[in-house]
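Here's the structure, in structure tokens; my notes come after.
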Amino acid sequence: MTLFGARQATLMLAALALTGFMYMYYHTDFIQTFEYLQSNTECACRFCMSMEGDDPWFTQRYKPSIQPLLTKKNSALTKEVYNWWQSLQYASHRANYTAVIEKLFKLFPDNAQYTDAGPDRCRTCAVVGNSGNILGSHYGNLIDSHDFVLRMNRAPTKGFEKDVGSKTTHRIIYPESAVDVDNSTHLVLFAFKTLDLQWLISAFTTKDITQTYTRVRPTIQANRDKVMVLHPAFMKYVHESWLQKHGGYPSTGFLTLALALHICDEVNVFGFGADKNGNWHHYFEAIRSNYHTGLHGGNFEYDTALQLFTKNKIQMFRGW
Ligand SMILES: *[C@@H]1O[C@H](CO)[C@@H](O)[C@H](O)[C@H]1NC(C)=O
Ligand SMILES: *[C@@H]1O[C@H](CO)[C@@H](O)[C@H](O)[C@H]1NC(C)=O
């Protein structure tokens, strides 16, 4: 017993502990590597939009098979989608949707876009909202480093480059918010009625539609080969699946975020929500207090975006 002294016992215990620790270390590492390889069969980014073992909150809402953009082939609407979509905004007369679609795709590209998701793709997207919280953020370079930069309505970059960046790959508009875009930008129409599709056709041809529920621009500058239209069924899906029917219909901001969830692998969100003083205002406009989000379920939308952030599906850059 005296030969096997306290010193040897300590050494042996230490050796055992070290072996155990090393085993655990390599084992854990092995499991992590294995999980990583497995999850990355979905895309080539570090995290992908839909992954093996996703949270039920996410899988109950996210429908990966839905087509976000309209093509002639997928343009037929079920009665439910058509009636819901037609009820969103007032129109003095209802045109023949099928006939309008025929005209639309004689003029604009008619191919399924962004169906290239897979293990080799890592597409990063910045969704740039119009919140005043982006002012002073210096996010400009970060935003411009994304593959896609999606902006909405009249949100300018000129004069705000340091905070909002200068690159715009996709400009989301509807007739009442239309702006000119440069030749490299995709004009993405969010149509809330058949008349909006007719306006798009008119804006590139006869330029005779000047009025919806308000005056609209008869024409805009944009590359005709890069025009896209959000699918009405996608809007209904966002309203029901993501927003649980809160609000009349989804805001442009939330629809744009949802679009990004479906065409990108990694989504980073900028300029969403109120500023540090609780004001909801646009970064390019003076502060108005008591700004309401109107008929959109603003708080529910923001909470849903926060949930996506909590569940590591998006990153939210909340600014100042
Ligand atoms: C709508 O237009 C389509 C295609 O042009 C046509 O086949 C159909 O008969 C029209 N429907 C009505 C109700 O006019
Ligand atoms: C815009 O891009 C299209 C190709 O998509 C090209 O045919 C056209 O000449 C370009 N126009 C300008 C003004 O650069």
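The basis for the numbers below is simple: all heavy atoms, side chains too, and nothing from hydrogens, waters or symmetry mates. Just follow the structure's listing: the first ligand is 1, and inside any ligand the first atom is 1.
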Legend entry - Check: N96 N/O within less than 3.5 Å of ligand 1 N/O: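 Among all N and O atoms of N96, at least one is under 3.5 Å from an N or O of ligand 1.
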Legend entry - Contacts of type side-chain hydrogen bond (donor to acceptor under 3.5 Å, both in side chains), residue R61, not counting sequence neighbours: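 So R61 forms no side-chain hydrogen bond (donor to acceptor under 3.5 Å, both in side chains) with any residue.
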Inset, instruction - For N268, enumerate each residue passing the side-chain hydrogen bond (donor to acceptor under 3.5 Å, both in side chains) test, keeping only those at least two apart in sequence or located in another chain. - result: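 Checked N268 against side-chain hydrogen bond (donor to acceptor under 3.5 Å, both in side chains); matches are H146.
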Check ligand 2 against the protein and report each N/O to N/O distance under 3.5 Å, formatted as atom name, atom name, distance.
unit_1: ligand 2; atom_1: 2 (O); unit_2: N183; atom_2: ND2; d: 2.4
unit_1: ligand 2; atom_1: 2 (O); unit_2: N223; atom_2: ND2; d: 3.1
unit_1: ligand 2; atom_1: 5 (O); unit_2: N223; atom_2: ND2; d: 3.1
unit_1: ligand 2; atom_1: 11 (N); unit_2: N183; atom_2: ND2; d: 2.9
unit_1: ligand 2; atom_1: 14 (O); unit_2: N183; atom_2: ND2; d: 3.1

Inset, instruction - Would you confirm whether the ring centroid of F272 sits within less than 6.0 angstrom of the ring centroid of Y302? - result: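 So the answer is no for these two rings.
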Legend entry - Listed once per pair and sorted, the disulfide (SG to SG under 2.5 Å) pairs that draw on residues 112-170, sequence neighbours left out: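 Residue pairs with at least one partner in residues 112-170: C45-C122, C125-C264.
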Inset, instruction - Look at the aromatic rings of Y174 and F192 and report parallel, tilted or perpendicular, splitting at 30° and 60°. - result: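 Perpendicular: the ring planes of Y174 and F192 meet at over 60°.
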Legend entry - Donor-acceptor pair between T59 and D54 side chains, under 3.5 angstrom: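 Side chains of T59 and D54: no pair found under 3.5 Å.
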